Amino acid sequence: MAAATQTLPTEAKRHLSVVQPDGRAGFGALRAELHARCADKDLAELWADMPTNERKTVLASAQMQARDSLRGIGEMSRAERDAIRAAIGRMSRYAQRLGERLKGESPNRELAANARRALAEGDTKAALHWIALIETGAQ
């Protein structure tokens with residue numbers, strides 16, 4: 001009697017970027033994120049969600065043509081993708097600095113402090129003056 005061959009189920013070889021719990025304090029997740037970033041998956045997702053006018057602004061900062069706003073990230077060269085990523089980084093840092101400056105240097109804070117001081121001193125006329133200035137600035 002001939003020996004029958006039997007095929008054993010084999011586990012398919014998994015791609016290295018698949019995150020598997022490995023007990024190394026999140027190393028697998030970090031590795032997967034770095035692989036995705038190297039493949040520009042994060043940039044492609046951001047670009048796909050960005051309105052055309054915002055894309056044009058980013059492209060202007062990257063010193064690229066506005067017509068490129070209709071292209072997908074996958075159609076661009078590595079140098080173009082790097083220029084876009086750098087432009088987004090510059091714009092994000094600028095927006096963050098501007099936001100921090102506006103939080104700390106709001107003229108309304110000083111005006112409100114003056115209005116509170118006038119109220120504490122019982123000077124209603126001065127308090128109303130400071131509040132009027134705040135309201136004028138809000139318009």
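Every value quoted in this text rests on a predicted model; they were computed, and no experiment measured them.
In this structure, Q96 CD and L98 CG are separated by 11.0 Å, a value rounded to the nearest 0.5 Å. With values rounded to the nearest 0.5 angstrom, D68 atom CG is found 6.0 Å from E80 atom CD. Atom CG of D123 sits about 11.5 Å away from atom CG of N114, to the nearest 0.5 Å. Atom CG of L111 sits about 10.5 Å away from atom CZ of R116, to the nearest 0.5 Å. The distance from the CE atom of M76 to the CG atom of L59 is 6.0 Å, given to the nearest 0.5 Å.
Of all the heavy atoms in M91 and S61, the pair that sits closest is SD-CB, 4.0 Å.
In this structure, L119 is not a member of the same hydrophobic cluster as W130, with clusters built from ILVMFWY side-chain heavy atoms closer than 4.5 Å.
The shortest distance between side-chain heavy atoms of I73 and I84 falls below 4.5 Å. Looking at I88 and M50, their side chains come closer than 4.5 Å, going by heavy atoms from C-beta outward.
Of the possible polar contacts, one joining the S69 side chain to the A66 backbone as a donor-acceptor pair under 3.5 Å is found. Between the side chain of T57 and the main chain of N53, a donor-acceptor pair closer than 3.5 Å is present. Of the possible donor and acceptor atoms, none in the side chain of W47 sits under 3.5 Å from a partner among the backbone N and O of R55.
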